[in-house]
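Because only heavy atoms are used, hydrogens play no part in the values below, and waters and symmetry mates are left out as well, while side chains stay in. Every value quoted in this text rests on a predicted model; they were computed, and no experiment measured them.
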Amino acid sequence: MEVNKVMDNIQEQKRTIQNMKDAGCSEETIDRFLLCYQAGDIKGELKVLSNHRQALLDEVHKGQKEIDCLDYLVYQIEKSVKESEKI
């Protein structure tokens with residue numbers, strides 16, 4: 001019975017690591033998570049995941065701001081073209 005439990009634990013850990021890789025976690029982030037996991041520190045695990053989530057969200061917001069800047073530039077150019085066509 002104990003062998004099955006160990007094997008299940010290893011499989012769960014492999015799935016978790018793959019999920020974290022798929023989520024863009026660095027090896028350092030995965031290592032920090034695994035240290036918490038091995039210590040039974042669920043709050044620590046959640047903190048590691050929350051920090052990574054926040055970093056991803058910051059990237060999304062940065063990307064959105066860059067898109068907004070490009071959209072504004074396109075708007076200004078199109079506005080300039082329309083004004084010059086009126087002359």
K.L.:
Should side-chain heavy atoms under 4.5 Å link Ile, Leu, Val, Met, Phe, Trp and Tyr, which residues sit in the same cluster as Leu57?
P.N.:
none

K.L.:
Atom NZ of Lys5 and atom CD of Glu12: how far apart are they, to the nearest 0.5 Å?
P.N.:
11.5 Å

K.L.:
What side-chain donor-acceptor pairs closer than 3.5 Å can you find for residues 45-56, not counting sequence neighbours?
P.N.:
residue, atom, partner, partner atom, Å
Asn51, ND2, Lys47, O, 3.4
His52, NE2, Ala23, O, 2.9
Gln54, NE2, Asp58, OD1, 2.9

K.L.:
Rounded to the nearest 0.5 Å, what separates atom CD1 in Ile30 from atom CG in Leu35?
P.N.:
12.0 Å

K.L.:
Just jot down the side-chain contact (heavy atoms from CB on, under 4.5 Å) partners of Gln13, sequence neighbours excluded, or say none.
P.N.:
Ile17, Leu34, Tyr37, Gln38

K.L.:
What is the minimum heavy-atom distance between Thr29 and Met20, and which atoms define it?
P.N.:
O-CE, 4.1 Å

K.L.:
Which side-chain N or O atoms in residues 64-71 pair as donor and acceptor under 3.5 Å with protein atoms at least two apart or in another chain?
P.N.:
residue, atom, partner, partner atom, Å
Gln64, NE2, Asp68, OD1, 2.9
Glu66, OE2, Lys62, NZ, 2.8

K.L.:
List, by chain and number, the other hydrophobic cluster members for Val60, where Ile, Leu, Val, Met, Phe, Trp and Tyr join if side-chain heavy atoms come within less than 4.5 Å, directly or indirectly.
P.N.:
none

K.L.:
Looking at residues at least two apart in the chain, or sitting in another chain, which of them share a side-chain contact (heavy atoms from CB on, under 4.5 Å) with Lys14?
P.N.:
Ile10, Gln11

K.L.:
What heavy-atom pair brings Asp41 and Gly44 nearest, and what distance separates the two atoms?
P.N.:
OD1-N, 2.8 Å

K.L.:
When you measure from the side chain of Ser80 to the backbone of Gln76, do you find a donor-acceptor pair of N or O atoms at a distance under 3.5 Å?
P.N.:
no

